[in-house]
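Letters A, B, ... mirror the listed sequences (proteins, then strands); counts begin at 1.
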Number of protein chains: 4
Amino acid sequence: MFSKFLSLDSEKQDRIINAAIKEFAQKGYDSASTNEIVKDAGISKGLLFHYFQSKKQLFFFLFDYCYNLVADEFYKKVDLTERDFFKRIRQAVHIKMDLQTKYPEILTFIQEAFRQDSPDIKDEFDKKKQELNSVNAGIIYDGIDLSKFRDDVDVQKILKVISWTFEKMSDEELQKAKVVPGHKIDYEKVFLEAEEYFEIFIKCFYK
Amino acid sequence: MFSKFLSLDSEKQDRIINAAIKEFAQKGYDSASTNEIVKDAGISKGLLFHYFQSKKQLFFFLFDYCYNLVADEFYKKVDLTERDFFKRIRQAVHIKMDLQTKYPEILTFIQEAFRQDSPDIKDEFDKKKQELNSVNAGIIYDGIDLSKFRDDVDVQKILKVISWTFEKMSDEELQKAKVVPGHKIDYEKVFLEAEEYFEIFIKCFYK
Amino acid sequence: MFSKFLSLDSEKQDRIINAAIKEFAQKGYDSASTNEIVKDAGISKGLLFHYFQSKKQLFFFLFDYCYNLVADEFYKKVDLTERDFFKRIRQAVHIKMDLQTKYPEILTFIQEAFRQDSPDIKDEFDKKKQELNSVNAGIIYDGIDLSKFRDDVDVQKILKVISWTFEKMSDEELQKAKVVPGHKIDYEKVFLEAEEYFEIFIKCFYK
Amino acid sequence: MFSKFLSLDSEKQDRIINAAIKEFAQKGYDSASTNEIVKDAGISKGLLFHYFQSKKQLFFFLFDYCYNLVADEFYKKVDLTERDFFKRIRQAVHIKMDLQTKYPEILTFIQEAFRQDSPDIKDEFDKKKQELNSVNAGIIYDGIDLSKFRDDVDVQKILKVISWTFEKMSDEELQKAKVVPGHKIDYEKVFLEAEEYFEIFIKCFYK
DNA sequence: CATGAATGAGTGTTCATTCAT
DNA sequence: AATGAATGAACACTCATTCAT
């Protein structure tokens, strides 16, 4: 589908991808301008539509590209033989922080992408989000040693509470970074805060 | 400021408010079209701008209108003398469900509004959100009896985990309703699920 | 035609006239907004169109009103028995300066009005300008003692040169006042400058 | 800056330029409609803004284009070695008449442009006018032999009177052409009239 | 007499997309 | 493959004018 694009020399590919990521991350799907993208990428209007037939397809290509890139790296790094839930989720949080440092624009783009709900992409994108969520949940919780958890509560619900906590924590941090301009995320501090939640959860949810 | 509008006969007011809520909720601030709103409300272009001088002012009016409407009803129903945290938050969850059933579009609009970050409204709206958050957090946690919580963990963090859980639960439910068209939220089921989380939290977080 | 308006209590008449003069003088015919006029005059939209059926008619009424007002006062003050051309034109210049001080907005409006050429009013207004010019030229030069002028040149042309000089002088002064904001016309200086031109003309054009 | 436009085939360039000149000359900056321009030029709305990013830039481009065109031709024809003031100004008047015959719309546009004072263009355009005036005055009066003028009067004022006379003469002629529809300027007659003024000035202002 | 709600065509400008070259 | 000229519908917003009250 995007084979034409993918057989371009990679320097040009990168210019286009970076320009598009930047524009979509900054302005959101609807307000992103293909004009800005081509200007920034240094290519012509026509070429963009030659490779990606529409803004929509460009967006989906971009999302898949970015998502796969970080997911690949994530799964390369994560140790799925670790059976203790907290060690596993701690890994996940750390790897995510690393990725955020290594590819800040890409991660920002992905996070912004998840928030889009323009009518143009809504239906298709909502389905994709759903899929990804279930796939990831399947993998990330696979092989976990559930025997350490208290027996008097529904373990699945506890796992949810824990995941949600780290998602919300990360959201809040990103939100702060956006509202307070110039605010840099202090990864050390976030890491320590996460650690405190880990301890609480171990105390409360383990036997 | 919007006295002109508010002295209209309420049938027309409603038509305009509903049309605007629908459009903003569906498309977000930037992509919402005043053209669609007037078409849907059955009024002329000029009239909308006769009442509200700009799209921005219309949006803020709408947000305040909706927010006050549900907040009023919320605070009328909530029992702030209840000092037990879980009973209090259970109340809140139930009332929110009621409101969602009673005013589904309005609640959707409010939730969507909170996610907007169009440059046109960002600064003004971020301030408003900040205010509302602190006001509400102050009220909702006021007078809570914290002595029932375990002494070996940071209570503030536990409160956060609990709030986040119910927020995420609600988000997921809404997301499901969006993805599966025609899917109706089964409040009975959601209510029961919430109840299960309550029990877990009481078991794990109370002394 | 405007009898309805003219039988209003004069305080309201004035408010309307002043508001309209201000708006037209500031923005020109096309860009002047009847909305601004009614807001400034403190009357309703409908009333303005009740008295003057259209923007165009309001403009023409206003022009006639202002023109007659200053013309009346001008002709009341000018001494048409003075037969020396330079004394007569000196008078005219002085009276015009007085009027400019006494009714600055009205004079500004008239001057601006003469510059309008919106297609809406062009044809009708051009005719009016032509008429006024010839009427005034007739009166102002009537009874002048032409015997003092050199015999070797066409006196009519000399009169034109002199009138044009004072018109252009006045234009330039007004232009300066507009370009340099806050610049106040120094009538004393203008008067002295005019005097210098008088002397030149007497030296060169009189026998 | 306007290189995109200038590399168009000249037939289309002309259509656009002529349409824009016509509209601006007729209606003035504020009331000129880009809709009318594109309709008249037979191009799409988008294209106009593809070449000129805004109405303002179109106007300034147009002004520079027209001004340079006539100024170039003017300075090509004028003989700046002629040191006699009247011979020099006679040249100027004749060349201007030629240009008016050759490019009537362009001259009209330039004259109208000088009268604009829309707030959108005022500041930028006033500066430009100021510049052009001083540049031209510098060139046109450069090397003039002032020794022929009477010693008993201020020569600078006399030069002004003379310039003003020809400006006003030209204005009146244009005004007549506008009021009487179908009236063609009889250049022969204007030329003769100008000649009469020259003679008067020579008689009165030279030693 | 007086109001101001209501109209709808108008404004300059941007947009994703197409297509001849 | 690559260009960028060209399109026209869409955008938020303003306007003079009308008319029911």
Determine, using ring centers only, whether [Y] and [X] are less than 6.0 Å apart.
X	Y	answer
B:Phe24	B:Phe59	yes
B:Phe60	B:Phe52	no
A:Phe63	A:Phe114	yes

Worksheet item: Is the closest side-chain heavy-atom distance between B:Asp30 and B:Pro119 below 4.5 Å?
Response: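 The answer is yes; the side chains approach within 4.5 Å.
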Without decimals, in angstroms, what is the distance between [X] [atom1] and [N] [atom2]?
X	N	atom1	atom2	answer
B:Lys4	E:dG4	NZ	C1'	8 Å
D:Leu48	F:dG8	CG	P	15 Å
D:Arg15	F:dA5	CZ	C1'	13 Å
A:Gln13	F:dA2	CD	P	12 Å
C:Leu47	E:dT3	CG	P	6 Å
D:Gln53	E:dG12	CD	P	16 Å

Worksheet item: Contact class for A:Phe5 (heavy atom, under 4.0 Å): base, sugar-phosphate, or nothing?
Response: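 Nothing, no heavy atom under 4.0 Å.
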Discussion item. Heavy atoms only, 4.0 Å cut-off, all strands: where does C:Lys56 land among base, sugar-phosphate and nothing?
Written reply: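 The answer is nothing, as C:Lys56 stays clear of every strand by at least 4.0 Å.
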Worksheet item: Between C:Glu11 and C:Arg15, is there a salt bridge with N-O shorter than 4.0 Å?
Response: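 Judged by the 4.0 Å cut-off on N to carboxylate O distance, C:Arg15 and C:Glu11 do form a salt bridge.
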Discussion item. Can you list everything that forms a ring-ring contact (aromatic ring centres under 6.0 Å, His included) with D:Tyr65? Sequence neighbours excluded, please.
Written reply: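 Listed in chain order: D:Phe61.
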Practice prompt. Name every residue in residues 19-42 of chain D that has at least one heavy atom under 4.0 Å from any atom of DNA chain F, in order of residue number, or write none if there are no such residues.
Written response: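 Of all residues in residues 19-42 of chain D, none places a heavy atom under 4.0 Å from DNA chain F.
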Worksheet entry | Residue-phosphate contact under 4.0 Å: C:Ser44 side-chain N/O, E:dG4 OP1/OP2 |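 Answer no for this pair, as no side-chain N or O of C:Ser44 is under 4.0 Å from OP1 or OP2.
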Practice prompt. Enumerate, in order of first residue number, the stems that involve DNA chain F, defined as 3 or more consecutive Watson-Crick or G-U wobble pairs with both distances under 3.5 Å.
Written response: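 Stem list for DNA chain F: E:2-21 with F:2-21.
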Worksheet item: In terms of heavy-atom contacts, does NZ of C:Lys27 have more than 12 from other residues, nucleotides or ligands at under 6.0 Å?
Response: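 Yes - once you tally the heavy atoms of other residues, nucleotides and ligands closer than 6.0 Å, there are more than 12.
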Worksheet entry | Proximity to the side chain of A:Phe49 - top-ranked nucleotide from E:dT18, F:dG8, F:dA5 |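 Of the candidates, E:dT18 comes closest.
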Discussion item. Using a distance-only criterion (donor-acceptor N/O pair, under 3.5 Å, no hydrogens), is the base of E:dA16 paired with the side chain of A:Lys45?
Written reply: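 Yes.
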